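Please read these numbers as outputs of a predicted model, since none were measured by experiment.
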Amino acid sequence: MPNAKKGKQAGRRERVAAQRAQQKRAERRRNLIIIGAIAAVVAVVIGGVAWYAASRGGGSGSSASAEVIPPGVTGAAAQALAHDHVTGPVTYSVTPPVGGQHNATWMNCGVYDQPVPSERAVHNLEHGAIWITYRPSLPQSEVSQLRAFVEKQTMVSSAEGAPSRYMDLTPYPGLPSPIVVSSWGFQLKVSSPADPRLQQFVNTFRASPKYTPEYGGACTGGVGTPLQK
């Protein structure tokens with residue numbers, strides 16, 4: 001009889017051990033399923049964010065991975081720049097301006113062969129446009145190079161208007177350099193349209209969620225008639 005009891009006890013221990021092992025395997029399977037589901041959700045979220053960023057990035061090299069602030073860029077305290085709408089002329093402390101008070105109506109982005117009101121161009125900067133200005137005395141061959149540079153930039157989608165290159169090119173009397181490229185809060189002075197820093201500046205600051213105060217603002221539907229290619 002003692003041997004029989006021992007045998008029954010051993011059998012119960014084996015059954016209990018088997019049940020516990022089975023429960024542990026089931027728990028591991030559940031944990032693996034939960035972990036897999038969480039990983040799938042995270043992958044979907046990351047993919048969606050990446051797709052959205054790519055779809056809004058638009059132009060040539062305008063993704064965050066291409067962000068390069070080129071040497072020579074000067075910056076203002078962008079967050080401190082005024083955003084107020086005014087009706088009259090504004091005296092800016094930077095030539096050409098990189099932000100501040102501006103007209104309530106922006107201008108249509110594009111190439112202009114005459115100077116434009118700074119108060120409207122600044123509104124474009126607020127929406128993420130890049131403003132390339134040049135001295136009226138710049139040789140026509142170099143002006144043509146700048147126009148080609150603008151026209152090669154890809155289109156950028158807008159939450160409030162039609163797609164646009166978010167580029168303005170205008171002459172500007174009294175520039176401190178033959179060519180000055182500006183965005184909201186930042187500026188670069190160059191002497192040649194072939195300077196590679198021009199494209200780096202565009203890639204970094206054009207329609208950038210990081211640097212644009214009114215990201216998604218339109219660059220069409222305003223005033224002014226740009227030159228047609």
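Between the side chain of Thr212 and the backbone N or O of Tyr215 there is no donor-acceptor pair closer than 3.5 Å. Between the side chain of Thr170 and the main chain of Pro115, no donor-acceptor pair closer than 3.5 Å is present. Here the side chain of His127 pairs a donor or acceptor atom with the backbone of Ala218 at under 3.5 angstrom. A donor-acceptor distance shorter than 3.5 angstrom exists from the side chain of Glu119 to the backbone of Val90, with no hydrogens or angles considered. The backbone N or O of Val68 lies less than 3.5 Å from a partner atom in the side chain of Thr204, making a donor-acceptor pair. Side-chain N or O atoms of Arg165 include one that pairs as donor or acceptor with a backbone N or O of Gln153 at under 3.5 Å.
Taking CZ of Arg120 as the start and NE2 of His102 as the end, the distance is 11.0 Å to the nearest 0.5 Å. Between the CG atom of Leu146 and the OG atom of Ser141 there is a distance of 10.0 Å, given to the nearest 0.5 Å. Rounded to the nearest 0.5 Å, atoms OG (Ser118) and CD (Gln101) are 13.5 Å apart. Taking SG of Cys219 as the start and CD of Glu160 as the end, the distance is 11.5 Å to the nearest 0.5 Å. For the atom pair Leu81 CG and Ser93 OG, the distance stands at 8.0 Å (nearest 0.5 Å). Atom CG of Leu227 is separated from atom CD of Gln114 by 9.0 Å, given to the nearest 0.5 angstrom.
Minimum interatomic distance between Leu175 and Tyr172 (heavy atoms only, all atoms of both residues): CG-O, 3.2 Å. Nearest heavy atoms, Glu142 versus Leu138: OE1-CD1, 3.3 Å. Nearest heavy atom pair, residue Ile179 against residue Pro193, reads CD1-N, 3.6 Å. The shortest heavy-atom contact between Pro70 and Leu188 is CG-CD2, 4.3 Å. Of all non-hydrogen atoms in Pro213 and His83, the two that sit nearest each other are CB-CE1, 3.1 Å. Closest heavy-atom contact between Val122 and Pro97: CG2-CG, 3.6 Å.
At least one side-chain heavy atom of Tyr166 sits less than 4.5 Å from a side-chain heavy atom of Ser158. Counting only heavy atoms from C-beta outward, the side chains of Arg147 and Asp113 approach each other to under 4.5 Å. Looking at heavy atoms from C-beta onward, Phe149 lies out of side-chain contact with Leu169 at the 4.5 angstrom threshold. Residues Leu198 and Val190 form a side-chain contact, since some pair of their non-hydrogen atoms from C-beta on lies under 4.5 Å apart. The side-chain heavy atoms of Met167 and Cys109, taken from C-beta on, include no pair separated by under 4.5 Å. In this structure, the side chains of Val223 and Asn108 stay at 4.5 Å or more apart for every pair of heavy atoms. Between Asp168 and Ile130, the closest side-chain pair of non-hydrogen atoms is not below 4.5 Å. When side chains are defined from C-beta on, Pro96 counts as touching Thr133, because their heavy atoms get closer than 4.5 Å.
Screening Arg206, Gln199, Gln200 for a side chain to side chain donor-acceptor pair (under 3.5 Å) with Asn203, the sole residue that qualifies is Gln199. When the options Tyr211, Trp131, Phe201 are evaluated for a ring-ring contact (aromatic ring centres under 6.0 Å, His included) with Phe186, the one that passes is Tyr211.
With 3.5 Å as the limit, one finds a donor-acceptor pair spanning the side chains of Ser182 and Gln187.
Ring centroid separation for the pair Trp184 and His123 does not come in under the 6.0 Å cut-off.
Transitive grouping of hydrophobic side chains (ILVMFWY, heavy atoms separated by less than 4.5 Å) keeps Trp106 and Val111 in distinct clusters.
Note on residues 113-151: no pairs pass disulfide (SG to SG under 2.5 Å), not counting sequence neighbours.
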